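Bear in mind that the values here come from a model prediction, so they are computed numbers and not experimental data.
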Amino acid sequence: MRPSNDKPHSPPSSFWSSSLNLVLFLVIPLVVFLVLVSALTPEPSSLSPWTWRFGNLVSNSFGFSPPSLIEETPTNISDFKARTNNSIVIKGSSIFNGSSTDSSFLEAETDYFASHRSFSVAFIEKETVQLRHMSKNNESEDIDVTSTTRVVKRYSQLERLEANLARARSSIKEAALVRNLTSIHQDQDYVPHGPIYRNPNAFHRSYLEMEKLFKIYVYQEGEPPIFHNGPCRSIYSSEGRFIHELEKGKFYRTQDPDEALVYFLPFSVVMLVHYLYDPETFDTDAIGRAVVDYIDVIAGKHPYWNRSLGADHVMLSCHDWGPRASSYVPHLYHKSIRVLCNANTSEGFNPAKDASFPEINLLTGEVEGLLGGPSPSHRSILAFFAGRLHGYIRYLLLNEWKDKRDPDVQVFDQLPKGVSYMSKLKNSRFCLCPSGYEVASPRIVEAIYAECVPVLISDSYVPPFSDVLNWNSFSVQVAVKDIPNIKKILMGISQRQYLRMQRRVKQVQRHFVVNATPKRYDVFHMITHSIWLRRLNIHVQDFDHS
């Protein structure tokens, strides 16, 4: 028989042996790789809770994928407002008045930034470096890493600003614990002292912190004369002077909006009234439309208004209609820092966020030769006022005292010919400062310039710089109902007490002086300091990721 040509079959066991070798060859390296990855991967708790800001780059510490930028960004206006309202903290407190200071807020803010700032800033800087590195490795990919890096920078800057503010709050709060009548801080120009201050040490510390940290950005939009302009003479000179000094850029102004703590809205209500108001119709809607349009422009062009809903924005007006002009934009009225001469709490002025500043009547625009007067021994008139009928308080004052012809209390609606208004001021011990149709009166600063103790007669008026100055130490406040008792009230002030008050009026002059070029602690810097204090009460967080 011929042998068969069929090849013998391999036994079944050889097939399974070769398959097993293949599996082991593939699986063992994979297991080793997974073990190494597990050993080298950090625990979830070591990841930053802020990593959601950069989208799905990493997982967060809660064990689930973080939301994307699109999911985190508010999708409609109501959602945006709800989120942003929760991100702004505004406290109605004064650092200088212990009875109203919200210490829990200060402690919470300070503790938060003290424990988190260094980590958060270091983390964000690390992420920025990583993102830049990624951009080099992904140049061919459709990933907008450059855009993401810009967002990181902006967040880092805002957190730095808020951390600096938190440290300033803590420093001022600590200074407020020192109850000395003289500040313990060194200063080559002036050291606040005496009872004219609520707390000299706290004010001085705050002022020095302001000089170090405060930056104001002035929006460029708008054309003169309504914007970037204002009167530097007349009863509204306070408004124009401040706008012009800020526009010059020598003090506090920054050209970089990302380093600013507040944003100035450079419209002049005086100019709005002059150019847009029609006295025949009594219609102010044109003024309101101009303000609304301006807010719409800057909110559409810049991210800062929407970020805080205007809480870190500032408007300034010495015109009586400043509050009315702001009322056309609800967030401007209720949230923004409004610096107003017409500081009337019965008309919506909120001292927690709004600031009162003085009405100064510079008849010719000149600022020299306005200060001074004779010594108290040469002041023969007890109290003096001259002014026409302007509001119900003046009506009551004139009706009660004009025709009495009392040599001690001299009240005129119009001075006799040949009698100098300034000479009357400088020969009076007390100068009556009644409100007109609005609460503010230029007579307060006129009295201080003439070294005459001001007598404030008003309802619901917040005097300028009340956060810092103790007005009871250098002025007299008479209730409207006590107008018939003015002479009795003033005669009840002893000579010793009057002399103390008069010396304090001379001391407080420096805070109301208008200088051709602003000097430290003068009225320009005091107005700025009032804005600074309001910004200290705000904590802004940025939820805009677009």
Side-chain angles (χ1 to χ4, degrees), residues 224-248 250-251 266-275 277 316-322 339-342 356-374 384-390 394 412-428 431-438 440-452 454 464-465 505-506 508-528:
I226 290 177
F227 301 91
H228 307 282
N229 189 26
C232 290
R233 64 180 65 185
S234 81
I235 198 171
Y236 302 122
S237 63
S238 299
E239 178 177 314
R241 290 270 174 178
F242 187 86
I243 292 173
H244 278 283
E245 291 301 336
L246 203 56
E247 291 281 342
K248 288 179 184 177
K250 293 183 178 180
F251 303 95
F267 58 81
S268 167
V269 176
V270 175
M271 293 301 183
L272 286 169
V273 173
H274 180 74
Y275 286 98
Y277 176 63
L316 178 140
S317 172
C318 204
H319 196 281
D320 295 348
W321 290 355
V339 186
L340 304 171
C341 285
N342 186 13
S356 173
F357 79 120
E359 193 170 287
I360 302 175
N361 189 4
L362 298 177
L363 292 174
T364 64
E366 295 296 325
V367 297
E368 303 294 334
L370 301 178
L371 306 182
F384 165 73
F385 170 80
R388 295 182 179 178
L389 183 63
H390 194 267
R394 288 197 195 176
F412 303 88
D413 59 350
Q414 189 171 356
L415 283 172
K417 287 186 178 180
V419 176
S420 167
Y421 177 76
M422 289 307 301
S423 67
K424 285 286 188 183
L425 282 178
K426 293 183 178 184
N427 283 283
S428 300
C431 291
L432 306 181
C433 307
S435 294
Y437 285 116
E438 304 298 342
S441 170
R443 286 166 177 77
I444 297 173
V445 174
E446 289 173 349
I448 292 173
Y449 284 1
E451 298 171 5
C452 176
F465 317 138
V505 168
K506 294 174 67 173
V508 85
Q509 275 181 344
R510 71 166 53 243
H511 298 314
F512 293 88
V513 169
V514 178
N515 291 302
T517 299
K519 298 178 181 179
R520 297 179 73 217
Y521 300 100
D522 70 1
V523 71
F524 172 79
H525 290 279
M526 291 297 289
I527 295 170
T528 305

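- Under the 4.5 Å side-chain criterion, counting only non-hydrogen atoms from C-beta, Pro231 is in contact with Met271.
- At a threshold of 4.0 Å, the pair Glu245-Lys248 counts as salt-bridged, since one of the basic side-chain nitrogens sits closer than that to a carboxylate oxygen.
- Evaluation of the ring pair (Phe, Tyr, Trp, His ring centres under 6.0 Å) rule for His525 yields Phe251, Tyr252 as partners, not counting sequence neighbours.
- A heavy-atom distance below 4.5 Å is not found between the side chains of His511 and Asp522.
- Between Ile448 atom CD1 and Gln509 atom CD the span is 8.0 Å, to the nearest 0.5 Å.
- Using a 4.5 Å cut-off on side-chain heavy atoms (C-beta onward), Tyr277 and Leu272 make no contact.
- Taking 4.5 Å as the limit, some side-chain heavy atom of Ile527 sits within range of a side-chain heavy atom of Leu316.
- To the nearest 0.5 angstrom, Arg510 atom CZ is 8.5 Å from Tyr521 atom OH.
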Practice task
Would you please test Lys424 and Val419 for side chain to side chain contact (heavy atoms under 4.5 Å, CB included) and show each step?
Solution key: CA-CA 8 Å; Lys424 285 286 188 183; Val419 176; 3.6 Å; yes

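- Here the side chains of Asn229 and His244 are in contact, with some heavy-atom distance below 4.5 Å.
- At distances below 3.5 Å, not a single donor-acceptor pair connects side-chain atoms of His228 with backbone N or O atoms of Pro266.
- Ring orientation note: the planes of Phe242 and Phe524 are tilted relative to one another, at an angle of 30° to 60°.
- Side chain to side chain, Tyr421 and Glu446 meet the donor-acceptor criterion of an N or O pair below 3.5 Å.
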Practice task
Quick one: do Val514 and Tyr449 satisfy side chain to side chain contact (heavy atoms under 4.5 Å, CB included)? Show the steps, please.
Solution key: CA-CA 11 Å; Val514 178; Tyr449 284 1; 4.0 Å; yes

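- The minimum heavy-atom distance linking Cys318 with Glu359 is given by the pair SG-CG, 3.7 Å.
- Contact check for Asp320 versus Val269: no side-chain heavy atoms found under the 4.5 Å cut-off.
- Phe357 contributes atom CZ, which lies 5.5 Å from atom OG of Ser238 (distance to the nearest 0.5 angstrom).
- Side-chain N or O atoms of Arg443 include none that pairs as donor or acceptor with a backbone N or O of Leu432 at under 3.5 Å.
- Side-chain contact between Cys452 and Leu425 is absent, with no heavy-atom pair separated by less than 4.5 Å.
- Of the N and O atoms on the side chains of Ser268 and Glu239, at least one donor lies less than 3.5 Å from an acceptor on the other residue.
- Between the side chain of Ser428 and the main chain of Cys431, no donor-acceptor pair closer than 3.5 Å is present.
- Taking His274 as the reference, nothing meets the ring pair (Phe, Tyr, Trp, His ring centres under 6.0 Å) condition, with sequence neighbours excluded.
- Taking the six-membered ring wherever Trp is involved, the centroid distance between the rings of Phe412 and Phe385 does not fall below 6.0 Å.
- Considering only heavy atoms from C-beta on, Val523 comes within 4.5 Å of Pro358 through its side chain.
- Distance check, rounded to the nearest 0.5 Å: CE of Met422 to CG of Asn427 gives 10.5 Å.
- Close placement of the Phe465 and Phe512 rings is indicated, their centers lying within 6.0 Å of each other.
- The OG atom of Ser237 lies 6.5 Å from the CG atom of Asn361; values are rounded to the nearest 0.5 Å.
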Practice task
Go through the steps to decide whether Val367 and Leu362 satisfy the test side chain to side chain contact (heavy atoms under 4.5 Å, CB included), and finish with yes or no.
Solution key: CA-CA 7 Å; Val367 297; Leu362 298 177; 4.0 Å; yes

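- Here the CG-CD distance, from Leu340 to Glu438, works out to 10.5 Å after rounding to the nearest 0.5 Å.
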